[in-house]
K.L.:
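Take a look at the following structure, please.
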2 protein chains.
Amino acid sequence: MIPIMDDIDRKICSILQEAGRTSSAELAEAVGLSLSAANDRVRRLVAQGAIAGWQARLDPQSFGLGLCAFMLLDLSFDGEAEAVAELVSHPEVQELHHISGPHSYLMKLRVADTRALQAFLTRVVKPLPAVLRTESIITLDTAKETAAIAVGADR
Amino acid sequence: MIPIMDDIDRKICSILQEAGRTSSAELAEAVGLSLSAANDRVRRLVAQGAIAGWQARLDPQSFGLGLCAFMLLDLSFDGEAEAVAELVSHPEVQELHHISGPHSYLMKLRVADTRALQAFLTRVVKPLPAVLRTESIITLDTAKETAAIAVGADR
DNA sequence: TGATAGGCCGCAAATATTCCTGAATATTCA
DNA sequence: TGAATATTCAGGAATATTTGCGGCCTATCA
């Protein structure tokens with residue numbers, strides 16, 4: 001099956017990435033299809049992998065996680081894989097990207113406060129043999145933070 | 001109402017941020033409560049704001065968005081607010097953080113390819129009067145990318 | 001023009017959610 | 001301490017949603 005995606009599919013995805021609990025009836029109405037047709041679409045999109053999962057978005061503040069930080073990492077080639085495996089295993093690490101440029105990796109962290117960041121750095125990051133250098137970036141204020149992608153459904 | 005959160009609340013949140021469509025029955029079973037009690041919890045967590053929303057996680061590749069990039073921005077104070085407002089209005093911009101350190105902002109972008117990144121830079125970023133300098137960081141490989149936070153429910 | 005496949009619709013059964021009541025347990029205050 | 005008040009939980013009925021199925025329509029292709 002060739003995963004062609006038409007405007008209706010995109011609109012469905014657009015709606016669901018904003019409001020994941022939209023009922024099939026509402027969804028059907030929004031895209032102008034019958035309930036069962038809309039449902040078929042959603043099921044197909046999940047099967048195709050375009051919809052990768054469903055999740056509740058939690059409020060970090062409610063869980064005492066007030067600090068978002070980024071960390072640039074310089075890793076030696078030796079032990080790099082082990083370091084990556086160790087880092088991604090921690091829930092404080094939300095993202096870990098291998099990047100272009102003078103640094104090896106960019107890591108996104110979500111922790112309670114600067115104290116917790118310091119603790120994470122000391123307990124987890126620095127002990128890794130591959131870690132040559134780190135540079136921490138604290139977010140002071142967040143203007144936008146979403147995982148939503150540009151589906152292009154509004155045309 | 002003081003939003004006290006006990007272990008059961010945390011476990012519920014932990015489950016739902018992994019699998020947002022878990023049925024109340026499953027949820028109830030997982031935390032050892034009756035269906036209605038588990039449901040009450042979820043409703044309360046939503047009302048409190050601990051659960052901020054529900055969403056389908058989409059696969060960027062399926063929508064032709066193969067490139068994740070970060071951009072460090074140096075903005076002049078003059079026109080900063082307008083630049084921020086303009087940037088966050090674009091769906092390609094997933095995140096925009098005001099950060100500590102020598103740069104003003106860190107922006108996360110999701111676009112089709114380097115060509116699209118270049119186009120965004122030329123069409124959207126550079127024309128902003130407040131933009132003094134930019135530094136683009138391309139992600140070569142992503143070891144982890146999640147919005148899940150450390151709920152601390154596994155204790 | 002006839003066969004076939006894909007998408008859509010509507011209905012009915014199965015399942016899930018919501019709402020209500022009452023009992024048990026904590027908490028507050030005199 | 002003891003009574004009054006709140007919370008939290010459980011069960012069940014009413015409501016809503018999801019799922020599965022059969023059939024219709026349309027586009028495609030030989």
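Chain identifiers are assigned alphabetically (A, B, ...) following the order of the sequence lines, protein sequences preceding nucleic acid strands; residue numbering begins at 1 within each chain.
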K.L.:
Measure across B/R21 and A/T22 and return the closest heavy-atom pair with its distance rounded to 0.1 Å.
P.N.:
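Looking at all heavy atoms of both residues, the closest pair is NH2-O, 4.2 Å.
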K.L.:
Starting at atom CG of A/D9, determine the distance to atom P of C/dG6, rounded to an integer number of angstrom.
P.N.:
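Spelled out: CG on A/D9 to P on C/dG6 is 15 Å.
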K.L.:
Looking only at heavy atoms, which two atoms of A/K144 and B/V93 are closest? And how far apart?
P.N.:
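Where A/K144 meets B/V93 most closely, the heavy atoms are NZ-O, 2.9 Å.
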K.L.:
If you take all heavy atoms of B/L75 and B/A83, which pair is closest and at what distance?
P.N.:
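Where B/L75 meets B/A83 most closely, the heavy atoms are CD1-CB, 4.3 Å.
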K.L.:
Which heavy atom in B/C13 sits nearest to a heavy atom in A/F63, and how many Å separate them?
P.N.:
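Reported closest heavy-atom pair: SG-CZ, 3.5 Å.
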K.L.:
Starting at atom CZ of B/R44, determine the distance to atom C1' of D/dT7, rounded to an integer number of angstrom.
P.N.:
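Result: 10 Å.
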K.L.:
Quickly work out the A/L33 CG to D/dC24 C1' distance and round it to whole Å.
P.N.:
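Rounding to the nearest Å, CG of A/L33 and C1' of D/dC24 are 16 Å apart.
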K.L.:
Determine to 10° how strongly the helix from C/dT1-D/dA30 to C/dA30-D/dT1 is bent, judged from the axes of its five-pair ends.
P.N.:
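Axis-to-axis angle, ends of the helix: 40°.
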K.L.:
Applying side chain to side chain contact (heavy atoms under 4.5 Å, CB included) between A/R10 and each of A/I15, A/V31, A/V151, report the one that passes.
P.N.:
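Checked A/I15, A/V31, A/V151 against A/R10; only one passes side chain to side chain contact (heavy atoms under 4.5 Å, CB included): A/V151.
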K.L.:
What is the distance, to the nearest angstrom, from the CD1 atom on B/I8 to the C1' atom on D/dT7?
P.N.:
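From B/I8 CD1 to D/dT7 C1': 14 Å.
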K.L.:
Compare side-chain N and O positions of B/R41 against OP1 and OP2 of D/dC9 and report whether any pair is under 4.0 Å apart.
P.N.:
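Yes, because at least one side-chain N or O of B/R41 sits under 4.0 Å from OP1 or OP2 of D/dC9.
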K.L.:
Sort out for me which residue in B/E92, B/H97, B/M71, B/Q94 forms a side chain to side chain contact (heavy atoms under 4.5 Å, CB included) with B/K108.
P.N.:
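In the set B/E92, B/H97, B/M71, B/Q94, the residue that makes a side chain to side chain contact (heavy atoms under 4.5 Å, CB included) with B/K108 is B/Q94.
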K.L.:
Figure out the CH2/C1' separation between A/W54 and D/dT17, and round it to whole Å.
P.N.:
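In whole Å, D/dT17 C1' lies 14 Å from A/W54 CH2.
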K.L.:
Take nucleotides 13-22 of chain C nucleotide by nucleotide from the 5' end and write B, S or -, depending on whether a protein heavy atom sits under 4.0 Å from the base, only from the sugar-phosphate, or from neither.
P.N.:
----BBS---
K.L.:
Please work out which of the three classes, parallel, tilted or perpendicular, describes the rings of A/H98 and A/Y105, given edges at 30° and 60°.
P.N.:
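Ring orientation, 0 to 90° scale: parallel.
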K.L.:
Between atom CD1 in B/I12 and atom P in D/dT8, what is the gap in whole Å?
P.N.:
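Taking CD1 of B/I12 and P of D/dT8, I get 12 Å after rounding.
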K.L.:
Over all heavy atoms of both residues, which pair between B/S104 and B/D74 is shortest? Give the atoms and the distance, please.
P.N.:
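The answer is OG-CA, 3.6 Å.
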K.L.:
Tell me the interatomic distance from A/Q48, atom CD, to C/dG7, atom C1', rounded to whole angstroms.
P.N.:
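My rounded result for the distance is 14 Å.
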K.L.:
Please find the pair of heavy atoms, one from A/A148 and one from A/Q17, that lie closest to each other, and give the distance.
P.N.:
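Taking every non-hydrogen atom into account, CA-OE1, 3.3 Å.
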